[in-house]
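Presented below is the structure to which this report refers.
First the proteins, then the strands, lettered A, B, ... as listed; each starts at 1.
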Amino acid sequence: MKLTLKIWRQKNAADEGRMASYEVDDVSPDMSFLEMLDVLNERLILEGEDPVAFDHDCREGICGMCSLVIDGTPHGPEKATTTCQLHMRKFKDGDVITIEPWRARAFPVVKDLVVDRSAFDRIIQAGGYVSAPTGSAPEAAAIPVPKADANDAFDAATCIGCGACVAACPNASAMLFTAAKITHLGLLPQGQPERYDRVVSMVDQMDAEGFGGCTNTGECTAVCPKGIPFETISRLNADLLKASRG
Amino acid sequence: MATRPRPKTPSPAAGPLKRYRSSVGKKAVMAVTGAILVLFLIAHAIGNLKVFLGRQDFNHYSHWLRSVGEPAIPHRVFLTALEVVLTVAVLLHVWAAVSLARQARRARPVRYAARPKAHEHRYATHVMRYGGIVIVLFVIWHLLDLTFGAVNPKGGNAQPYDKVIADFDPSRWYITLFYVVAVILVGLHLRHGLFSAVQTLGWGRQRRYPAVRVVADVVAALLVIGFVSVPVMVTIGVLK
Amino acid sequence: MSELFTEGAPIQDTKAPDGPINERWDKRRFGGKLVNPANRRKLSVIVVGTGLAGGSAAATLGELGYQVKSFCYQDSPRRAHSIAAQGGINAAKNYRNDGDSIQRLFYDTVKGGDYRSRESNVYRLAQVSVEIIDQCVAQGVPFARDYGGLLDTRSFGGVQVSRTFYARGQTGQQLLLGAYQALERQIAAGTVTMFTRHEMLELIIVDGVARGIIARDMITGEIETHIADAVVLASGGYGNVFFLSTNAKGCNVTATWRAHRKGALFANPCYTQIHPTCIPQSGEHQSKLTLMSESLRNDGRVWVPVKKGDTRKPGDIPEDERDYYLERIYPSFGNLVPRDIASRAAKNVCDEGRGVGPGGLGVYLDFADAIARLGRDAVAAKYGNLFEMYERITGEDPFEVPMRIYPAVHYTMGGLWVDYDLQSTIPGLFVIGEANFSDHGANRLGASALMQGLADGYFVLPNTISDYLAKGPFEKIGDDHEAVVEAREAVKDRIEKLLSIDGDRTPDSFHRELGALMWEYCGMERTDAGLRKAIDRIRELREEFWARVKVPGENEELNQNLEKAGRIADFFELAELMCIDALHREESCGGHFRAESQTPDGEALRDDERFAYVAAWEYTGHAPVLHKENLEYEYVKMTQRSYK
Ligand SMILES: Cc1cc2nc3c(=O)[nH]c(=O)nc-3n(C[C@H](O)[C@H](O)[C@H](O)COP(=O)(O)OP(=O)(O)OC[C@H]3O[C@@H](n4cnc5c(N)ncnc54)[C@H](O)[C@@H]3O)c2cc1C
Ligand code: HEM
Ligand code: HEM
Ligand code: SF4
Ligand code: F3S
Ligand code: FES
């Protein structure tokens, strides 16, 4: 396959950035999207040009490091699939593909397609944990957890912190990410003591980081590679309202 | 350089009232005020339908609005109270909408080059925001028109029924069209708004969503039909 | 072989307490010195790595009140490679009442490691395993539960009890997020300072003691000096020396290799684990391999065509022209033989030219019989998401055509040598998790790496390191100390060198070539001649690397190729040591198979007389020095494995 790539190039955070166009030939349908970029980069290096920087690590859809907005959709056209798991057979010969970084004030561009997502870590710092210092744990079997709750908690806990929800949200809101953690911990007995303080501080931190507010658009769940359910947002809302009522 | 940790400041929004200044809090304000507005609209639509019962009934209803509870409640107090509640609700609703929209604007300083593809009902944001503005403009016009009569052919002192009939006279089809468009926008606003309010107030669950969507759609559709029927019937000459 | 290495003094003392094995850990804990809480604030520890081992250690040390600096090369500690572990974590809880016990977990692990691990360490691991589950549940890790709401377990990798706790296919992720959250809590509390996108490039040694690291800020390129009272390496495994492996792209040996160059012994580098069920390579562009759960072998049948170079579609090959080779060679275990055996058998049939798919590097894993027997729905219920993943990557639907699988490098049992306290041969340098060599011997059992990482990080290291830290307060060291300056300058020189070569080959092209070489000669099967050849080729290729590599850009920016080049440079040195280790170990054991040492029917043949030791290598700059640590078994009897 032969493709035209329109890629966002930006030298560093201070640089203005612009789109640049590259032709790539000999793309095999068995390549992953990132392998296609690897091939482009190998060529750019030998041509003496700056290769395109992009984040990735596990390349199997679990670390949450890869990003890329592909033709306007975070993680590209395949549902429930991270960019690293997207394969070129989803594209056609002659396609023009636009590749951009996550766009959000809270995720400033570091270089090219790489952004800084440490805002997510600070949201977790605000309360996304159970205070259980090592050594203080009771016997694991002491507290049963109903299977249904455990399953719902697990569904929320599979968030990989990739940030696609923010990238897709018309408000650049981090609501789905935050709600996933609130839901995971809020459904388990271990998470109860800190439940209401947690939601208050995490939401405040989310706002302080410069994310937008959620207006229930639902784009986030549609692109989320782990299919974090929309209801997590409602669960967060419920907890925040309860916390506010005192 | 170390990765910047979360600054150790006391929670900026301590205290229950301040809580509603968080992005989630603002949404709750919007949902509650929105719900008040919806209740008003339902009542208003039912009231409007009294037009079909004839001039007498409709005017009487209008009069009744002003004399509810008399003599226990002085003349027009109920209506004034209603107006105050509505005004406050609208102001809060718009305040929350505007500040969330501004927060969202700030949150994405650089836009995407590729047109984002809508997967869900992304258009909803636009309908809610731009539609909201049109609704406000409509309500202003509507008040000048049918409440104060300033822009009504019959002037301010005419009976409501006459105002309505004169307003939507076939020759003024463009006014009717304007009302119809506005009401459809209100309907679209509610279609997402009702669903959204359920989510915002914390009752949204995967298994309930299909039903919530249906109810929101049906309520919105009924309201639109209810409202639209009056101007349309006048314009096509069924009501005189 | 003397031109390749020399032999030095054996290792006498592993610091393991004596006495009955079940009392040793208690004895050690009681015997170690403690640091008074008020003084902990004044003591600082660097932890490199935020995987299960490093994340749990940094969080726990922070909770204890030490000043901790934590490092990872990813943009968030949550992304460490531990996140990718799927299957589960072992613990001797015996919730099933099926006869499990600390003793049995201990026994299974020693046996699984083919009698090349230490009894004292493994026993402690089994003891601590029980506490790990309690700790993780308290943190809110959503383990699978049964309908009564109690923790569910399953059996894993050939053991006869059900002791593996799991969270669907994402156990590593859930455990890591638990540790990550505990870590973030400490960061918020100010006890841990986090350095993401930082790569450790050198260890600082002052007066023979580890006192800090030199790290590069991967965004600004700044070369930073970090001084502390002790250094903990938790930087994971080095499987990426093979280029293609199931490891994350960034996994590297740099942190441990730099420590090795500064004097830490490197133990058993040749022990690598090869996983039989991975998705095969699809072409030259392939950048990594993806693991498919081993559970597929429960219902899938493995086969290749009888004829060489048979290019017919699998469906067109009649039953009598198929070779179900595992069922043929191992009638009693069939498709369920252990990892190393299944992997080697696949290699053998591919070497015979009977492999399938691109390059003939693959064998079929066929579900046709299972679908006929159980029905499509039942198969979908069991393996649906794995089938989907396979289809996403290969574009083929396993319901229609058989899957193709091939073995891939998965885990490295070798690592820096540590004593019972997890301290390396450099005082003040501790090594935990996959980065050390400690507990798995020559072969790791499924679901035991997560157990070891968390045991080290939550429970063992925090206890043993206090004995070392209690020696403080330590002398203050400035950034201008001679040894510090030297370390920093060495890093800068190396970077400058890499950037200045400006040759005509990309870093990746060297890594690919090195990887192919290692896979060929130091992979599933090793021979004397092959290893010698590999050593020569590695040396040539290394020279070529330093003459012809082209690293674009500069240091003062995010430069992903500079990062790669530095890691590859270290892989070259490690690769040579791996081959030397493999060459000197003339026996077969666990993940190390020497063609010369096999039973008449082709199985691995251990030589306990000559090789029942840990091979710990000392860096010299030329021929390394071998130090042997003899392994003695008091509690487990050594026997030969058989799966026929
Ligand atoms: C696909 C797959 C599936 C697996 N499944 C299982 C399973 O089911 N059960 C099981 O028990 N085990 C499993 N394993 C093995 C297990 O996951 C690993 O052995 C274990 O997670 C290693 O943990 P760790 O903390 O030692 O290192 P890692 O998790 O690899 O963490 C390494 C850390 O070190 C940092 N680092 C590395 N180098 C540097 C440097 N130079 N400078 C700064 N930081 C650095 C990294 O940023 C990272 O934070 C699996 C492994 C793979 C690959
Ligand atoms: C399209 C059909 C509509 C008709 C025929 C209609 C008619 C009227 C009439 C006759 C009045 C005056 C009542 C009185 O003063 O006694 C009125 C008032 C009002 N209408 Fe409507 N209306 C319509 C739609 C709407 C819509 C869609 C909205 C809001 C979005 C709205 C909001 C109001 C408000 C706020 C008042 C003022 C009530 C008050 O005085 O307290 N109307 N309408
Ligand atoms: C006056 C101008 C108005 C503006 C600018 C406005 C704007 C908005 C906006 C931006 C939202 C958030 C949308 C979202 O969730 O994506 C919203 C929600 C809503 N609006 Fe309005 N609106 C207006 C009038 C009204 C009226 C007249 C009604 C009722 C009759 C109404 C009912 C609602 C409801 C029920 C919601 C849902 C609240 C939620 O999302 O939780 N709005 N509005
Ligand atoms: S919620 Fe989904 S899209 Fe958002 S960070 Fe988590 S996994 Fe990514
Ligand atoms: S797309 Fe955005 S508006 Fe809310 S529902 Fe998702 S965060
Ligand atoms: S690279 Fe890890 S999720 Fe894509």
Side-chain angles (χ1 to χ4, degrees), chain A residues 11-12 28-32 34-35 38-39 42 45-46 50-51 53 55-60 62-65 81 85 87 89 110-111 114 116-118 120-121 124-126 128-134 136-141 144-147 150 153-154 157-158 161 184-185 188 190-191, chain C residues 59-60 63 74-76 78-79 81 83-84 93 95 133-135 137-140 142 145-151 167-168 170 173-174 177 181-182 184-185 187-188 196 219 248-250 282-283 285-288 290 392-395 458-459 462 504 506 508-509 550 552-553 557-558 560-561:
Chain A
K11 223 169 150 35
N12 51 41
S28 143
D30 291 329
M31 286 179 177
S32 74
L34 298 184
E35 284 164 356
D38 288 343
V39 170
E42 293 277 285
I45 295 173
L46 293 179
D50 198 20
D55 263 332
H56 66 102
D57 199 24
C58 73
R59 295 209 176 182
E60 56 181 84
I62 191 75
C63 73
M65 188 99 176
T81 304
Q85 292 275 69
H87 281 70
R89 64 182 76 86
V110 170
K111 181 179 179 181
V114 176
D116 176 357
R117 284 170 286 199
S118 54
F120 270 7
D121 292 331
I124 298 295
Q125 281 167 31
Y129 48 75
V130 172
S131 299
T134 309
S136 66
E139 160 57 42
V145 182
K147 192 172 168 70
F154 184 90
T158 56
H184 161 205
L185 299 176
L188 296 174
Q190 291 82 2
Chain C
T60 305
E63 286 160 6
Q74 294 93 342
D75 71 336
S76 164
R78 68 182 289 152
R79 307 205 199 284
H81 182 56
I83 200 105
K93 279 285 198 185
Y95 286 159
I133 302 301
D134 297 341
Q135 176 61 25
V137 167
Q139 287 171 341
R145 302 221 167 222
D146 60 21
Y147 284 97
L150 296 171
L151 292 159
R168 288 192 208 155
Q170 280 134 280
Q173 179 195 30
Q174 294 310 318
L177 292 182
Q181 286 162 201
E184 291 296 341
R185 175 168 164 258
I187 295 172
T196 58
I219 292 176
K249 291 294 286 173
S282 69
H285 53 263
Q286 189 87 26
S287 61
K288 81 151 272 169
T290 303
R392 206 179 293 142
I393 293 173
T394 62
Y458 281 131
F459 298 105
D504 58 358
T506 62
D508 267 345
S509 78
K550 184 178 176 82
E557 61 173 348
L558 177 68
Q560 294 173 322
N561 279 281

Original post:
What part of C:Ile219 gets closer than 4.5 Å to chain A, counting heavy atoms only: side chain, backbone, both or neither?
Top reply: side chain
Subject >> Closest-packed option against chain C by number of heavy-atom pairs under 4.5 Å, given A:Gly128, A:Ala126, A:Ala153 >> reply: A:Gly128
Subject >> Max heavy-atom pair count under 4.5 Å with chain C, selected residue of A:Ala150, A:Gly161, A:Pro29, A:Ser32 >> reply: A:Gly161
Original post:
Picking from C:Thr196, C:Thr290, C:Ile133, C:Thr394, which has the most non-hydrogen pairs under 4.5 angstrom with chain A?
Top reply: C:Thr394
Subject >> Toward chain A, the part of C:Leu151 with a non-hydrogen atom under 4.5 Å >> reply: side chain
Original post:
When heavy-atom pairs shorter than 4.5 Å are enumerated against chain C, which of A:Ser136, A:Pro51, A:Ala132, A:Gly191 gives the highest number?
Top reply: A:Ala132
Original post:
Taking every heavy-atom pair that is under 4.5 Å apart, which of C:Lys550, C:Gln560, C:Arg392 has the most such pairs with chain A?
Top reply: C:Arg392
Original post:
Got a sec, which residues hit side-chain hydrogen bond (donor to acceptor under 3.5 Å, both in side chains) with C:Ser282, two or more places apart in sequence or on another chain?
Top reply: C:His285, C:Gln286
Original post:
Shortest non-hydrogen contact from A:Arg117 to A:Asp55?
Top reply: NH2-OD2, 3.5 Å
**OP:** Please examine the side chains of A:Cys63 and C:Lys249, heavy atoms only from C-beta on, and report whether any two atoms are closer than 4.5 Å.
**Re:** no
**OP:** Examine whether an atom of C:Asn561 lies under 4.5 Å from a heavy atom of chain A, and if so say whether it belongs to the side chain, the backbone or both; otherwise answer neither.
**Re:** side chain
Subject >> Structural part of C:Asp75 lying under 4.5 Å from a heavy atom of chain A >> reply: both
Original post:
What pairs with A:Lys111 under salt bridge (charged side-chain N to carboxylate O under 4.0 Å, His left out), at least two apart in sequence or on another chain?
Top reply: A:Asp50, C:Glu557
Subject >> Top contributor to chain C contacts, counting heavy-atom pairs under 4.5 Å, from A:Leu34, A:Asp38, A:Val145, A:Leu188 >> reply: A:Val145
Original post:
For the candidates C:Gln139, C:Gln173, C:Gln170, which exhibits the highest count of non-hydrogen atom pairs separated by less than 4.5 Å from chain A?
Top reply: C:Gln173
**OP:** Against chain C, work out which of A:Val110, A:Ile62, A:Val130 has the most heavy-atom pairs shorter than 4.5 Å and name it.
**Re:** A:Ile62
Original post:
Which pair of heavy atoms, one from C:Gln174 and one from C:Ala167, lies closest together, and at what distance?
Top reply: CG-CB, 3.8 Å
Original post:
Nearest heavy-atom pair of C:Ile393 and A:Arg89: which atoms, and what distance?
Top reply: O-NH2, 2.9 Å
Original post:
Between A:Thr134 and C:Gln135, what is the shortest heavy-atom contact and its length?
Top reply: CA-OE1, 3.4 Å
Subject >> Segment of A:Ile45 engaging chain C (4.5 angstrom heavy-atom cut-off) >> reply: both
**OP:** Considering non-hydrogen atoms only, spot the tightest contact between A:Ala141 and C:Leu150 and give its length.
**Re:** O-CD2, 3.9 Å
Original post:
Can you find a side-chain donor-acceptor pair between A:Ser118 and A:Asp116 that sits under 3.5 Å?
Top reply: yes
Original post:
Out of C:Gly553, C:Gly283, C:Pro462, C:Ala84, which one racks up the most heavy-atom pairs below 4.5 Å with chain A?
Top reply: C:Ala84
**OP:** Among C:Ser287, C:Gly250, C:Pro552, C:Gly140, single out the residue with the greatest number of heavy-atom pairs under 4.5 Å to chain A.
**Re:** C:Ser287
**OP:** Answer with yes or no whether the side chains of C:Ser509 and A:Glu42 bring together a donor and an acceptor at under 3.5 Å.
**Re:** no
**OP:** Give the minimum heavy-atom separation between C:Gln74 and C:Arg79, together with the two atoms involved.
**Re:** NE2-O, 3.4 Å
Subject >> Contact winner vs chain C - A:Ala157, A:Ser28, A:Pro146, heavy-atom pairs under 4.5 Å >> reply: A:Ala157
Subject >> Portion of C:Leu558 that has a non-hydrogen atom of chain A nearer than 4.5 angstrom >> reply: both
Subject >> Top contributor to chain A contacts, counting heavy-atom pairs under 4.5 Å, from C:Ile83, C:Asp134, C:Asp504, C:Thr60 >> reply: C:Asp134
